[in-house]
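Residue numbers begin at 1 in each chain, while the letters A, B, ... track the order of the sequences.
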2 protein chains.
Amino acid sequence: MVDTQDTASRARTRQAIIDAAIAVLGKNLSAPLSEVATAADVGRTTLHRYYPERSDLLSAVRAESVLRLERATEHARLDEGTGAEALHRLCEEYFELGDVLSLVFGDPHCLEEVDRGQSGAEDRFKAVVERGHRDGSIDPELPATWLESVLWSQLYAAWSYVTDSGESRHHVLRLMLRTLAGAVSPPP
Amino acid sequence: MVDTQDTASRARTRQAIIDAAIAVLGKNLSAPLSEVATAADVGRTTLHRYYPERSDLLSAVRAESVLRLERATEHARLDEGTGAEALHRLCEEYFELGDVLSLVFGDPHCLEEVDRGQSGAEDRFKAVVERGHRDGSIDPELPATWLESVLWSQLYAAWSYVTDSGESRHHVLRLMLRTLAGAVSPPP
DNA sequence: CCGTATTGGAACAATCATGTTCCACTCGGG
DNA sequence: CCCGAGTGGAACATGATTGTTCCAATACGG
């Protein structure tokens with residue numbers, strides 16, 4: 001924290017470390033730091049230079065995840081169309097985050113962080129669901145908190161399915177959007 | 001393995017260890033053995049007496065999980081009614097397994113184990129889904145492998161929701177069965 | 001081309017989970 | 001009541017991960 005300034009070179013290294021950390025720690029949150037270093041194509045010494053303690057790296061990784069989630073949420077334009085349509089777009093955007101999904105899903109602390117970091121993320125989600133309840137696109141018996149769980153678990157399931165079933169991202173995204181649409185829509 | 005016999009007392013201790021291990025390792029697969037021992041209300045020494053190495057404990061825990069899954073599967077009477085009804089019953093039964101869900105979901109090795117242990121578990125599941133495709137109760141665009149992912153992720157989400165939202169098991173089960181029913185049924 | 005910034009490797013201490021051994025305690029069945 | 005099965009605690013060795021230090025090599029900008 002001594003110098004907030006990063007030269008171009010340092011910025012690149014720092015980003016490489018974060019990216020590698022998201023990938024490695026996403027698969028296994030208690031993976032050794034040496035693995036992260038290797039994945040980042042960086043010496044373990046260098047890693048410690050940028051993030052002296054493991055917890056520092058974790059904080060940075062969580063912050064980066066929050067950042068990407070915020071951007072994705074913006075892209076989803078949550079206040080347009082029906083509630084269900086908004087959820088649909090939100091899933092499309094989140095799905096693109098790839099490894100971040102595994103990380104956020106596997107790290108209990110991370111979701112709390114998202115709610116604190118992103119101003120009122122939880123409230124915004126709740127608002128979307130309740131709009132869906134009113135406009136008839138979302139089953140009113142399903143509370144926002146439960147749908148949040150469903151959304152995250154499906155995203156995680158879909159991303160895992162991509163990585164270890166070999167199906168194309170696009171195809172799996174279609175599958176997930178279909179099951180999710182069915183899950184939230186009111187029964188006929 | 002010297003004596004396959006357990007006295008009543010040893011059997012009780014062994015079971016306490018397994019139960020504690022399922023609970024603790026379900027929350028965190030790389031939790032230290034001392035935590036398992038504490039949760040089982042047993043000395044670390046005793047734990048090592050029953051399961052000399054960590055891998056021995058893991059094997060035993062996986063075996064117990066497979067056993068419980070087998071029993072639950074039997075109770076579900078997979079060959080009765082429509083495919084969707086069979087899935088519905090399967091979820092009800094699996095949901096009762098509680099902590100086992102977290103464990104199986106969090107341990108990649110465990111599901112493979114289930115498939116090897118339980119004779120053709122994967123095939124039986126596939127058969128149910130395909131029956132559902134034919135009888136019109138399950139959307140034919142959703143392959144069995146994807147539905148298996150959805151089922152497990154929803155079970156995990158539901159169980160987590162119970163443990164850290166405080167809602168009653170029964171209520172959450174209802175929520176889950178509703179979202180799952182919507183997810184698998186063909187679109188109107 | 002020079003000098004500084006950045007890096008990677010080696011060697012080290014500290015910590016923690018694991019696995020082992022030994023011994024004293026106690027609980028329960030005969 | 002007594003004896004053995006079962007247990008728990010303490011102490012120890014080991015290996016892996018973490019965090020630190022120092023130094024030589026290299027890359028990069030001026």
With 3.5 Å as the limit, what N/O pairs link the protein to nucleotides 5-8 of chain D?
unit_1: D/dG6; atom_1: OP1; unit_2: B/T7; atom_2: OG1; d: 2.8
unit_1: D/dT7; atom_1: OP1; unit_2: B/T13; atom_2: OG1; d: 2.2
unit_1: D/dT7; atom_1: OP1; unit_2: B/Y50; atom_2: OH; d: 3.4
unit_1: D/dT7; atom_1: OP2; unit_2: B/Y50; atom_2: OH; d: 2.6
unit_1: D/dG8; atom_1: OP2; unit_2: B/G43; atom_2: N; d: 2.9
unit_1: D/dG8; atom_1: OP2; unit_2: B/T46; atom_2: OG1; d: 2.5
unit_1: D/dG8; atom_1: N7; unit_2: B/R49; atom_2: NH2; d: 3.2

Inset, instruction - Kindly state each residue pair satisfying salt bridge (charged side-chain N to carboxylate O under 4.0 Å, His left out) with at least one member in residues 151-177 of chain A, sequence neighbours excluded. - result: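 Every candidate salt bridge (charged side-chain N to carboxylate O under 4.0 Å, His left out) pair involving residues 151-177 of chain A fails, so no pair, neighbours aside, qualifies.
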Inset, instruction - Report the residues that fulfil side-chain hydrogen bond (donor to acceptor under 3.5 Å, both in side chains) with A/D19, sequence neighbours left out, ordered by chain and then residue number. - result: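 Once residues adjacent in sequence are excluded, the partners of A/D19 under the side-chain hydrogen bond (donor to acceptor under 3.5 Å, both in side chains) criterion are A/Q15, A/R68.
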Inset, instruction - Mind calculating the distance between CD (A/E53) and C1' (D/dT18) to the nearest angstrom? - result: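 My rounded result for the distance is 9 Å.
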Taking [X] for the side chain and [Y] for the main chain, is one N or O donor matched with an acceptor at less than 3.5 Å?
{"X": "B/D99", "Y": "B/G26", "result": "no"}
{"X": "B/S153", "Y": "B/V150", "result": "yes"}
{"X": "A/N28", "Y": "A/L25", "result": "no"}

Inset, instruction - Check every nucleotide of DNA chain C for an atom under 4.0 Å from a heavy-atom of chain B, then give the first and the last such nucleotide from 5' to 3'. - result: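 That gives a stretch of C/dA17 to C/dT21.
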Legend entry - Electrostatic pair A/R77:A/E80 at N-O distance under 4.0 angstrom: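 Looking at A/R77 and A/E80, the cut-off is met.
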Legend entry - NZ/NE/NH1/NH2 to OD/OE distance under 4.0 Å, B/E74 and B/R71: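 No, B/E74 and B/R71 are not salt-bridged.
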Legend entry - Rounded (10°) bend between the five-pair end axes of the helix from C/dC1-D/dG30 to C/dG30-D/dC1: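 So the angle between the two local helix axes works out to 30°.
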Inset, instruction - Working to the nearest 0.5 Å, report the span between CG of B/L69 and CD of B/E64. - result: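 Rounded to the nearest 0.5 Å, the CG-CD separation comes out at 10.0 Å.
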Legend entry - Those residues that, when tested against B/Y156, pass ring pair (Phe, Tyr, Trp, His ring centres under 6.0 Å) (two or more places apart):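 Per chain and number, B/Y156 pairs via ring pair (Phe, Tyr, Trp, His ring centres under 6.0 Å) with A/F105, B/F105.
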